[in-house]
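Take a look at the structure set out below.
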There are 2 protein chains.
Amino acid sequence: MNIGEAAKASGVNAKLIRYYESIGLIPEAGRTAAGYRVYTAQEVRILRFVKRARTLGFSIERIQALVGLWRDKHRASAEVKRIALEHVDELEAKIAEMRAMADTLRELADACHGDDRPDCPILRDLEEAGTACCGHGHPA
Amino acid sequence: MNIGEAAKASGVNAKLIRYYESIGLIPEAGRTAAGYRVYTAQEVRILRFVKRARTLGFSIERIQALVGLWRDKHRASAEVKRIALEHVDELEAKIAEMRAMADTLRELADACHGDDRPDCPILRDLEEAGTACCGHGHPA
DNA sequence: ATGGGCCTTCCAATCATGGGAAGGTCAAGG
DNA sequence: CCTTGACCTTCCCATGATTGGAAGGCCCAT
């Protein structure tokens, strides 16, 4: 199985497979006499594992840890759970941040006529936030 | 006002101010005889505008458009609103994606004992998702 | 033996930000 | 006057994950 076939079988782009190898996320593939990378079914399984973990938003660093635990038949599930929950916490934090952005902007957009006149609450917010004035307040 | 003072006044890091100038987001600052950048109150206002827009998650590219509209006294608010809503749509899409990730992972983590035994639904999901095959070899 | 489709490596770009080196400038104090 | 330290300047590099391209080699089929 060469890299193109492994890519199709795993769903991971060939370019990305080489990158994953270069950073040590996956072991170095074997080579043919001509230098082509060769993949076994087991290596494709690892690639699929990585693919699924990326789909769930895990960072490469955490995936590296997860792959290590996956291969360790004597791992403690607590460690896996800890890593997963760390990731969930980060996701929730980012979601909350983006939720706040979206809500603020939606409100401003709702208050904006959206016609050909120049008056615009969105621009007013952007220019006034942080200046010493009604309700926004600003440090120093 | 030199760049350090402008940074304090606007909340934008001096390093970032230089970057914004280099990519043309803000106009080139004036210079003293010695080559130091000089900022006026108006330029600090632009920096604050940019800062606020970044806080709301706008990309530099969109901020460039917003700054242009802000300076154009004859802009149509519809254009500002359109840009804002485009951004909101992107935020909502990312939020939905991350929400799905977090929910899936939370479920898997809930199903995981999290003790020192190796059995772990999280790893089972990662290795089995999309796999329809039988090979149960050890990872190399 | 030629063409097309694979493979290889290396280099660069993305987006916004931060870090650091090497060197010039300014203000204060000895 | 000279030193010291805090600031400024430019330039290069790194991040994370991915994608793109160029230049060249390999394999298979016609």
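Not measured: the values here are computed from a predicted model. Values below: every heavy atom of this structure, side chains too, minus hydrogens, waters and symmetry copies.
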Is there any protein nitrogen or oxygen under 3.5 Å from a nitrogen or oxygen in nucleotides 15-18 of chain C, and what are the pairs?
residue: dA16(C); atom: OP1; partner: I60(B); partner atom: N; Å: 2.9
residue: dA16(C); atom: O3'; partner: R54(B); partner atom: NH2; Å: 3.0
residue: dT17(C); atom: OP1; partner: R54(B); partner atom: NE; Å: 3.3
residue: dT17(C); atom: OP2; partner: Y20(B); partner atom: OH; Å: 2.6

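Under a 3.5 Å cut-off, the side chain of K81(A) and the backbone N or O of A109(B) do form a donor-acceptor pair.
Ion pair R117(B)/D119(B) not flagged as a salt bridge, since none of the NZ, NE, NH1 or NH2 atoms sits closer than 4.0 Å to an Asp/Glu carboxylate oxygen.
Put simply, CZ on R54(B) and CG on L25(B) are 10.0 Å apart, with the number rounded to the nearest 0.5 Å. Between F58(A) atom CZ and I122(B) atom CD1 the span is 7.0 Å, to the nearest 0.5 Å. Note that CD1 of I63(A) and CG of L126(B) are 8.5 Å apart. Values are rounded to the nearest 0.5 Å.
Axis deviation across the helix from dA1(C)-dT30(D) to dG30(C)-dC1(D) amounts to 40°, comparing end segments of five pairs, rounded to 10 degrees.
Shown here are the salt bridge (Lys or Arg N to Asp or Glu O under 4.0 Å) partners of E86(A), two or more places apart in sequence or in another chain: R62(A), R82(A). Qualifying salt bridge (Lys or Arg N to Asp or Glu O under 4.0 Å) partners for D116(B), counting only residues two or more places apart in sequence or in other chains: none.
Y20(A) and Y36(A) fall into different hydrophobic clusters, where Ile, Leu, Val, Met, Phe, Trp and Tyr side chains are chained together by heavy-atom contacts under 4.5 Å. A continuous path of ILVMFWY side-chain contacts below 4.5 Å connects V67(A) to I60(A), so both sit in one hydrophobic cluster.
No hydrogens or angles considered: a donor-acceptor pair under 3.5 Å links the side chains of E43(B) and T40(B).
In this structure, I17(A) places its CD1 atom 13 Å from P of dT9(C), rounding to the nearest Å.
In this structure, the side chains of R45(A) and Q42(A) come closer than 4.5 Å at one or more pairs of heavy atoms.
Counting heavy-atom neighbours within 6.0 Å of E61(B) CD, excluding the residue itself, gives a total of 12 or less.
Contacts with DNA chain C (heavy atom under 4.0 Å) in residues 28-41 of chain B: A34(B), Y36(B), listed by number.
On the nucleic acid side, DNA chain D contacts chain A at distances under 4.0 Å to non-hydrogen atoms, with the end points of that region at dA17(D) to dC27(D).
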